[in-house]
Structure formats: C-alpha cells, structure tokens
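Below, chain A is the first sequence line, B the second, and so on; all start at residue 1.
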Amino acid sequence: MRYSKYFLPTLREVPADAEVTSHQLMLRSGMVRRIAAGIYDILPMGLRVIRKVENIIREEMNRAGAHELFMPSILPAELWQETGRWDFYGKELLRIRDRHGREFCYGPTHEEIFTDLVRRDIRSYRQLPQNLYQIQTKFRDEVRPRFGLMRGREFSMKDAYSFDRDRTGAEESYRVMREAYTAIFKRCGLQFRAVEADSGKIGGSLSQEFMVLAETGEDSVVSCDGCDYAANLEMAEVKGEVSGSFADSGQDPEKVDTPGQKTVQEVTDFLGISPINLVKTIIMNGDKGAVGVLVRGDHEVNPVKVRRLVDDETLELAEPELVQKVTGAPVGFAGPLELDIPLYADNAVSHMSGFVTGGNAADVHMQGVDLSDFIVKAFGDLREAVQGDPCPRCGGSLTFLRGIEVGHIFYLGTKYSEAMKAHYLDESGAEQVIEMGCYGIGVGRTAAAAIEQNHDEKGIIWPVPIAPFTVALLSLDPGKEEVHAVAEAIYDDLIQMGVEVLFDEREERPGVKFNDADLLGIPLRVTVGGRGVKEGVAEIKERATGEEQKVPIEKVVEIVKEMIDARS
RNA sequence: CGGGGCGUGGCGCAGCCUGGUAGCGCACCUGCUUUGGGAGCAGGGGGUCGGAGGUUCAAAUCCUCUCGCCCCGACCA
C-alpha cells in the first residue's frame, strides 16, 4: 500500500474526549472515528486489524468443528418474548418498530435466533452435536458508553452456540471452546487469563471469562500466586472461615450515641475501635422480600454470593426509603438486633464477639453485641475476596490484577431450548431437550485490549499476527531518483513475497515519517535514505525492541522475511 | 438516572466574567529555501461561534429553552 494514496488520517494531537490509551491511539492512528456516543466509523487501518482478529477467530473456530453462518442483526420481538427476555433484558435492548408497527430489536446477543434455527431443523440425535457461530454487529444501548471500541454501543462480536444431546456432551463442547479460545488469544499475541465468572443476564451455570491483562482494565481479576486458579472478583471464593462454636463476650448489648456517624470509617474513628470489631448490616431487597446481610466492617458484601445463598436472583441493594422502613433508621444505622427480616451472615462474622453494630435508630449504634443476641438464618461465604486471602484451591495467596474481558464462554443447559421447545428424538424415540452453550468474543475490544497491553509513549506496538501491516517501508528521499528507485524495488519484492507493507513515499520530512511509523505500530520498519544508499545499505528497525540493523540493500527482503517468520 | 463540565474552521484551544461583529497553534493550498526524528520564510483558503427563541442600537459574549458530547457516581451504609 502506498501511503500517499491511502486513506490514513493520523492526528498529532490527542483528541480531547478520549480517555484511555487505546482509544486515543486508535483515533490518532486513523483506525476509527466517532460518529455518535459509542458508535464508530472503522477506517481502513482499523479494519485491517479487525479482519486479522476475525480471521484468527475463524480459523480456530473452524478447527474446533464450529460452522460459520450469518444471522440478521434486526430480530423480531416474538422470539425474545418466548424466553421472557423481551421484558427482562431492560433498556439495553434497542427496540424498534417497522412501518406496520411490528416490534423488533437490534440484537445484543443471539441465543433466541440460533435456538429457533436449530429447533426447526434439528430432529434427531444423529444431527447432534452442532456448533454454529457468526461474526456480527451487535447493539447494546449501554448506559454510559466509553473508552472507544472498548465499550461501544455498536460493536462486532463473534458469538457461537453449541447444541448437544446431554450435559456430558455440552460440557465437552464447552471444553473444546475453552481450548479454542486459549488458542485464539495466544495467536493474537496477548497475555490473558481464563477466569471463573458469573453468567449474568445470559443465564446458565458453568462460565469463564477471558481477560486480557492490562492496568487500565475495567474488571478486577483475582489470581493465585501458587496455582492456576483465577476468578472474576465477584466469583472469587473465600474458604474455610466458618467457625464451629461462637464465642460470647459475656456482655449485654449497650446503646451508644453516634451522632451523624454513618460510615464504618466514621463510626470506628468515633468509637476508637478497629473495623474488624464492627459488623455492618446491609439491607437487600428482592422478589422474596428484604433480607439483612452481615459482614465484618473491613469486608465488602458480594451481592452475587448473597443471591446464591438466599436463592433470590432479584436481590439488589435496598432503596433508602426501604431501609428506613425496615430498620426504623436512616441509612447508616442498620443493625441485626430486633430486626424483623431474615439475617444472613458472612463466615468471618462467626468468629466475632462483643462487636459494634447499628442501633436501628438515628445516631445510635450498639456495643458488646454477640451472635447469641440475634438469630442468623444462615452463614456462608458472602464477602468479596481481598488481597492476600488464601486460594480456595491450593492455599496459596490471592493477588489482584486488572483485566479487560475479551471473551466469555457459558454452559447454558436447557434455559433457552426448554423455553423455545428445541427438542430432538433420541435412539429410543423419546423426545429430549437440547443442551446448549454459548461463546462470545468482542472483536473490536480484542483489538483495543491489544493496544492497552502493547504501546509506549510514541504509539502502538502491534503483535505481528494482528498488525495492520507487517512492514513500514520508508523512502526518505522520494524526490531523488537514485534513492527512491531502491525503495521502489524493495517494495515490489516485498509485495512479491506476500508481505503486507505500507510504503511511505510521501513528500514529507523524515521526522514525520518516523513518527507516523511509530504511532501506527507496524512491527518492522525498513528505511531507505540517501546516506544508506550511498553505502549500499538500508536499515531495519523493530518497533517492539527498538533494535536497528544496517543490511545490504540486496539482502533486505530476505532478512525481513526471516524476521517476520520468527515473530508470527 | 443524579452530580459536574464542555460545544468557537479538520484537530487542540483562547475570546465570554466586563456585549461593539472572531483569534492563536497544528493541519490544508501556492511559491521559494530546506531534507535522517513532527522544517523556515512569504502569500492564501476555510468558521451563520451546536440549534431555537429572547433582551439590546448591537450577542460567540447576557437570559430561557433545546440538542449533542465528555467526566464522576449510580452496590457498601
């Protein structure tokens, strides 16, 4: 590609509304342009990267036995109503009407339509298992889109759905996908972890997220320093904390005035105690009524764990009005004593005695409270893990990392197949429900994550497998025939060898070309200038390491080829 | 949805408080000089100041409404 003919608008200055590095660099390197909140034009440079990622995904999915197809992006409401998600999915679902007033949505994910396809065309166990996927544009009307392609509203996603005869088969499909995903992100040249995850709105049980490790990641990842255990923060287990017998301080609970002291910090400072001697009481509300959740003052409640223990998916933090109604006090003074809702306590609380709690009245707390002073319906692991907690698998120590979720795999079971009556006949002629799994990869987000993980102050440093071009060829003197001819010859030869090369033959000063090459992050740079040509050499510089070598002009192509092969 | 902020040429910004008819840097075009890490000089093109309404002799500037965008929060008492 000749730079002078290409559509590649680079920016010197950082656009004001781009917050994170990958977004800034994608704008500066001419990959994307914003067109509305969370909606982007993808320019030629950006598309080249996207296509590279897509092709790696395709190759690995096909290798894993999945079949590509292409579904509509606009989906009829009826399918979503069948599974109840038309109502459940909420405002993120972009709903539209056609001229006849029929309801549709722009697909944010495609379980329903894949299940619909399969239920209509799969009759027999002989047709299973099946794994179908597409690479499609999705739309999720995010509350707050941000970070460019990282969290857009319109985005490209590879989504795959597996259909099996039984749970064993579905688990095998899941395992195969996990391996395919590992291969995909490895091939993209990324550092990542597969972590245990919550399945959220998609539903289902077994689930893992693939997280690209980057300091700017939106998600917290808990990782063991001793084994390969890794989990999303909301899933990280805390083990072995429950106490068999409860200690008792022998004291009676006693009121203490705490005017205006609401937070744990304020109360403990005011009373001169440590947060580990305070129990906070969190009021949550759901379809099955309100519950109180007790955790130690220095711990945080993990709502995912609470929902599981209480068996109420709908539990959310209660509104201040409800807190007032339930506890008789404003937010900040809830306590377990004489509280008329079921109480659940974190295991760590089982070791406590003589602690401080809220007093269920404004500006009042209680001291010297013991577990014998109130009834706990159940103890369990209800808190978020913290740095240094023991690993639930090996007893090592947990550390925290930041990650960007680029892939997510789920075992779904029969959630969709049952709702949509996706059945088959087994060998005995009995009707069975199909077991499903679903598997997503954010394509644009993977590209963005690659930049977050691979850049320096000058620009992007693409891993070779997803770089838009492999070689940037710079002709420093396109005006001087004897120099430029050398560059032209190298360009032709590289093209002949099948190398993807961006040939910078613009009438620009050398500095501009060097800086653009660094910004664009093309792995290898070949420089042809007056000086070098006089000595019969050109320079090859590697973007990632900064290593530079002068090589005879006639050997340039051969050496470049070797270097590429060593790095792909 | 709550709070904060911003919309002025392609990009980054000043001007607004204290109204007088738009400016700077980069980019772009022409010419000359320059040419190994974002060149210099000279000349030039481009903006109904997000939109609507109002106040005023006069509005980028003041007032009202509206649209768009960004940031923080929205699950820890």
Side-chain angles (χ1 to χ4, degrees), chain A residues 9-20 23-24 27-28 30 33-39 90-91 143-148 233-234 258 260-268 275 278-285 292-307 315-320 322-324 326-327 329-335 346 357-360 362 365 382-384 458-459 474-480 483-484 504 506-519 525 527-535 537-539 541 546 548 550:
Chain A
T10 59
L11 302 174
R12 254 182 220 200
E13 289 175 89
V14 180
D17 54 7
E19 195 71 3
V20 298
H23 189 195
Q24 292 173 354
L27 288 166
R28 290 225 293 139
R33 288 291 182 263
R34 197 187 63 80
I35 185 79
I39 300 178
K91 289 188 187 160
V143 194
R144 188 145 91 85
R146 56 188 132 175
F147 307 149
L233 174 60
E234 61 190 12
T258 50
Q261 313 296 313
K262 296 180 181 180
T263 66
V264 169
Q265 180 78 48
E266 288 165 0
V267 173
T268 55
L278 182 143
V279 168
K280 53 183 179 187
T281 306
I282 310 297
I283 309 300
M284 293 183 74
N285 190 35
V293 183
L294 308 180
V295 294
R296 207 168 75 187
D298 59 324
H299 288 155
E300 301 297 342
V301 167
N302 180 328
V304 174
K305 293 178 177 178
V306 176
R307 288 182 198 121
L315 279 173
E316 293 287 346
L317 193 71
E319 305 288 316
L322 184 72
V323 172
Q324 176 79 44
V326 169
T327 67
V331 165
F333 300 98
D346 178 62
T357 72
N360 294 331
H365 279 74
L382 297 180
R383 70 172 175 94
E384 281 185 355
K458 290 178 169 177
L474 274 50
S475 175
L476 297 190
D477 292 291
K480 284 190 189 144
V483 178
H484 191 59
D504 192 346
R506 292 175 299 170
E507 294 283 352
E508 286 286 354
R509 298 176 66 81
V512 172
K513 299 184 182 186
F514 290 139
N515 281 304
D516 272 336
D518 288 342
L519 173 64
R525 188 182 86 193
T527 306
V528 177
R531 286 186 203 166
V533 169
K534 216 171 281 175
E535 301 167 34
V537 299
E539 285 145 50
K541 185 171 182 176
E548 195 167 12
K550 290 188 180 180

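Using a 4.5 Å heavy-atom cutoff, the side chains of A:Val483 and A:Leu476 are not in contact. Residues A:Glu234 and A:Asn302 meet the side-chain proximity criterion, which asks for heavy atoms closer than 4.5 Å. Looking at A:Glu300 and A:Val295, their side chains never come closer than 4.5 Å, going by heavy atoms from C-beta outward. Looking only at side-chain heavy atoms (C-beta outward), A:Val143 and A:Lys91 stay at 4.5 Å or farther from each other.
Between B:rU61 and B:rG46, the two P atoms lie 24 Å apart (nearest whole Å). Spacing between B:rG9 and B:rG47 at atom C1', rounded to whole Å, works out to 4 Å.
Looking at heavy-atom distances under 4.0 Å, A:Val267 makes no contact with the nucleic acid at all. Note on A:Pro303: a base of the nucleic acid sits closer than 4.0 angstrom, heavy atoms only.
Remark: A:Glu266 CD is packed, more than 12 non-hydrogen atoms of other residues, nucleotides or ligands lying under 6.0 Å away.
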(request) Let me have a per-nucleotide readout for nucleotides 34-45 of chain B, 5' to 3', with B, S or -, counting only protein heavy atoms under 4.0 Å. (result) BSBBBB------
(message) Return a single string for nucleotides 2-9 of chain B, one symbol per nucleotide in 5' to 3' order, where B is base contact, S is sugar-phosphate-only contact and - is none, cutoff 4.0 angstrom on heavy atoms.
(response) --------
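Here the C1' atom of nucleotide B:rC76 and the CZ atom of A:Phe333 are 15 Å apart, to the nearest Å. Taking atom CG of residue A:Leu233 and atom P of nucleotide B:rC75, one finds them 16 Å apart after rounding to whole Å. Remark: P of B:rG12 and CD of A:Gln24 are 12 Å apart, rounded to the nearest angstrom.
Across every strand in view, B:rA59 sits unpaired, with no contact that passes the Watson-Crick or G-U test at under 3.5 angstrom.
Comparing B:rG12, B:rC76, B:rC69 by their closest approach to the side chain of A:Pro15 singles out B:rG12. The A:Ala16 side chain lies nearest to B:rC13 when the options are B:rC13, B:rC76, B:rC70.
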